[in-house]
Amino acid sequence: MAAVSFSQLLNGERAVVTLFIVIVLFSLPLSLLLHGVALSLLAIFALSVEVRVETSTSLSQFKTRAGASSGILLGAVTLPTFMLSKLIQQSRAFSLHQVHHGELNYLALQYWAAFGSCFTVLMVLCLFTLDNTRSHSCEAWNSKFGLVCFVIGAALLFLYSTVGVHAIWKLLWVFFHGFAAVKLVQHLLNAFPSCVSFGEALLVTVGLVLYFGDMLANTIEKASALLYKTLYGYMTSSELVFMQYGFRRSEIGIIIQGLLLGLLLYLVVLKYLLHGWDGFSRSTYSGARICSEKGKSLIFFASLGFLIVVIIPSWMQFVQDFDMHPLLWVVRFVFREPVKRLSLCLYWVCVIYLSVLRFYNISKNSKIERILLRKYYHLMAVLMFLPAVILQPKFLDLAFGAALAVFLTLEIIRVWRIWPLGQLVHEFMNAFTDHRDSDLLIVRHDYHFSLLLGCALPIWMSSGYNDRPLAPFAGILSLGIGDTMASMVGHKYGVLRWSKTGKKTIEGTAAGITSVLAACSVLFPHLASTGYFLTEHWISLLLAVTVSGLLEAYTAQLDNAFIPLVFYSLLCL
């Protein structure tokens, strides 16, 4: 048993993830030592749970994506490590008096919320696997190890909560995130069987919980301040709302958050609206299917319009104090530099039209492998986003949010087959799917959510203080250039494989790493204008490119989500 377990520990993905964590831990200042200890505990616990899950059948009721490992270690540590790297960057800024103390405290709270969410999900998985161990001695050891991890994790959270004020509320806030993450992971795995692995589900749900938590915190702060003003005649922040510390969000950030989370919450309402309509139409139209479909379509578009025009803007104005309707604010923002921004929009439309038309025709008439064909959309992302990051970064922030909202709406139309576009969208997307996609949820559709999010997250996270000008390019470089070159070169010229069972080749990985380094050298003039010189950071850059390239070679997880976060985290150090 010990020999089997030891051999199971030795695989490429776990080695690369361990290297990633070690690099971040070695960059920690003493002020973040407690955070580093928590990350180390999370990684050890996640590794033990991953080995246990992959050697047991106790979680067989959850149908995960076929052909992928559980990915629990990678899924559990990616977001906390990402948040820790941002904390390291913000600590540098705070020492230089570039950021307010409140921003550092808020980011620390987000880190512990991410840690608590991942740790709670791991505890639940650990409890599931205790019922299916191979021997009583192994069961006893697993129980003791899980208990020790729980005690240490609880102690670390307690130590963090006692630093500063509002200890009870900090613990409750972390507990709220953990409980929500567990429920959301269960719902995702049950609602979308065979669509995601455990690691992918963990990354997506913890990210959503953090984003929803941020929205809730912002709303509570404004509501409590308004209530205090009503009762006492002046504005102040309630003591219950400890998570803000004076941190102010930008208008663009509020618009993106309201639009995306509003659409996700709309899914819950839409489910009941359409269910009620189906019951009504069966008794009213007596099998007239076209009337039922048109009625469902009317309900969808009317409710969606009301949400976007009335409900979401009302929340935006409540939390941000816009001086006009947020949609009018967007129009005014675009026309502050009308020539540049409208020209950029026209350029995007031309690139999208020509690329999609060309690749769609190829996909219908060619025998080219789907996964290779989809890499051309990565190159399209480079053509679209790279000029915008350099010339119009703020406008690109807003454009990413609008594009994600459009794609989310199209996915809703496709899944529910909303007349008259549902079937057309489904047939179009099917032209680019492969064996890793599900008919229910096309999570790996490269020009869809994963590619767009992979390029957008580094840019969004670089807003505000950023002393690493290469960091916003993390998604574009790692996905648009590195991942694409690795796939193309590996497919055409690859001979030496990283593993006997995998398809990734050493030649492809080398091409991906080399291409990213070459792209960085091309960006050198732009980086030098910001005071960032590659000659001063070449070791850290080489480490970041190499680790993200090796992760692409070894992981069977959703690389469009994980690789940009890992690459960005290492660039921030």
### Message
For Thr162 and Lys170: C-alpha separation, side-chain torsions, deciding distance, then whether side chain to side chain contact (heavy atoms under 4.5 Å, CB included) applies.
### Response
CA-CA 9 Å; Thr162 56; Lys170 288 179 183 178; over 6 Å; no
### Task
For the pair Ile254 and Asn218, evaluate side chain to side chain contact (heavy atoms under 4.5 Å, CB included) and give the outcome as yes or no after the intermediate values.
CA-CA 10 Å; Ile254 289 294; Asn218 204 8; 3.2 Å; yes
### Step-by-step side chain to side chain contact (heavy atoms under 4.5 Å, CB included) determination, Ile88 to Cys572
CA-CA 8 Å; Ile88 295 172; Cys572 287; over 6 Å; no
### Task
List the steps and the verdict of side chain to side chain contact (heavy atoms under 4.5 Å, CB included) for Phe212 and Leu265.
CA-CA 10 Å; Phe212 270 106; Leu265 291 173; 3.6 Å; yes
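Interatomic distance, CE of Met384 versus CG of Leu396, reported as 9.0 Å (0.5 Å rounding). Interatomic distance, Leu156 CG to Phe115 CZ, rounded to the nearest 0.5 Å: 6.0 Å. A distance of 9.5 Å separates CG of Leu203 from CG of Leu208, quoted to the nearest 0.5 Å. Residue Asp483 holds its CG atom at 9.5 Å from OG of Ser515, rounded to the nearest 0.5 Å. Atom CG of Leu453 sits about 10.0 Å away from atom CG of Asn560, to the nearest 0.5 Å. Separating the CZ atom in Phe473 from the CG atom in Leu571 is a distance of 11.0 Å, to the nearest 0.5 Å.
Scanning both residues, Cys126 and Val49, for their nearest heavy atoms gives CB-CG2, 4.3 Å. Residues Ser478 and Phe567 approach most closely at CB-CD2, 3.8 Å, considering heavy atoms. Closest approach of Tyr111 to His35, counting heavy atoms only: OH-O, 2.6 Å. Taking each heavy atom of Ala113 and Leu210 in turn, the nearest pair found is CB-CD2, 3.7 Å. Leu573 and Ser27 make their closest contact through CD1-OG, 3.7 Å (heavy atoms, listed as atom of the first residue, atom of the second, distance). Shown here for Val389 and Pro472, the closest heavy-atom pair between the two residues is CG1-CB, 4.4 Å.
The closest side-chain heavy-atom distance from Gln90 to Phe94 is not below 4.5 Å. Looking at heavy atoms from C-beta onward, Phe333 lies in side-chain contact with Phe395 at the 4.5 angstrom threshold. Within the 4.5 Å cutoff, the side chain of Trp112 has no heavy atoms near those of the Met83 side chain. Counting heavy atoms from C-beta outward, Thr78 and Leu202 have side chains that stay 4.5 Å or more apart. In this structure, the side chains of Arg14 and Tyr554 stay at 4.5 Å or more apart for every pair of heavy atoms. Contact check for Leu551 versus Leu74: side-chain heavy atoms found under the 4.5 Å cut-off. Leu73 is not listed as a side-chain neighbour of Glu13, based on a closest heavy-atom distance of 4.5 Å or more. Between Leu104 and Ser91, some side-chain heavy-atom pair lies under the 4.5 Å cut-off.
Counting non-hydrogen atoms of neighbouring residues, nucleotides and ligands closer than 6.0 angstrom, the CZ atom of Phe322 exceeds 12 such neighbours. Counting heavy-atom neighbours within 6.0 Å of Leu30 CG, excluding the residue itself, gives a total of 12 or less. At most 12 heavy atoms of other shown residues, nucleotides or ligands fall within 6.0 angstrom of atom CZ in Phe158. The number of heavy-atom neighbours closer than 6.0 Å to CZ of Phe150, taken from other residues, nucleotides and ligands shown, is 12 or below.
Although no hydrogens or angles enter the test, the distance criterion places a donor-acceptor pair under 3.5 Å between the side chain of Gln557 and the main chain of Ser69. Counting only distance, with no hydrogens or angles, the side chain of Lys504 and the backbone of Glu552 share a donor-acceptor pair below 3.5 Å. Under the 3.5 Å distance criterion, the side-chain polar atoms of His177 are left unmatched by any main-chain donor or acceptor of Ser117. Of the possible donor and acceptor atoms, one in the side chain of Ser48 sits under 3.5 Å from a partner among the backbone N and O of Phe45. Using a distance-only test at 3.5 Å, with no hydrogens or angles considered, no donor-acceptor pair links the side chain of Thr546 to the main chain of Leu543.
Trp315 and Phe318 have their aromatic ring centers separated by at least 6.0 angstrom.
Relative orientation of the Phe175 and Phe179 rings is parallel, given thresholds of 30° and 60° on the angle between their planes.
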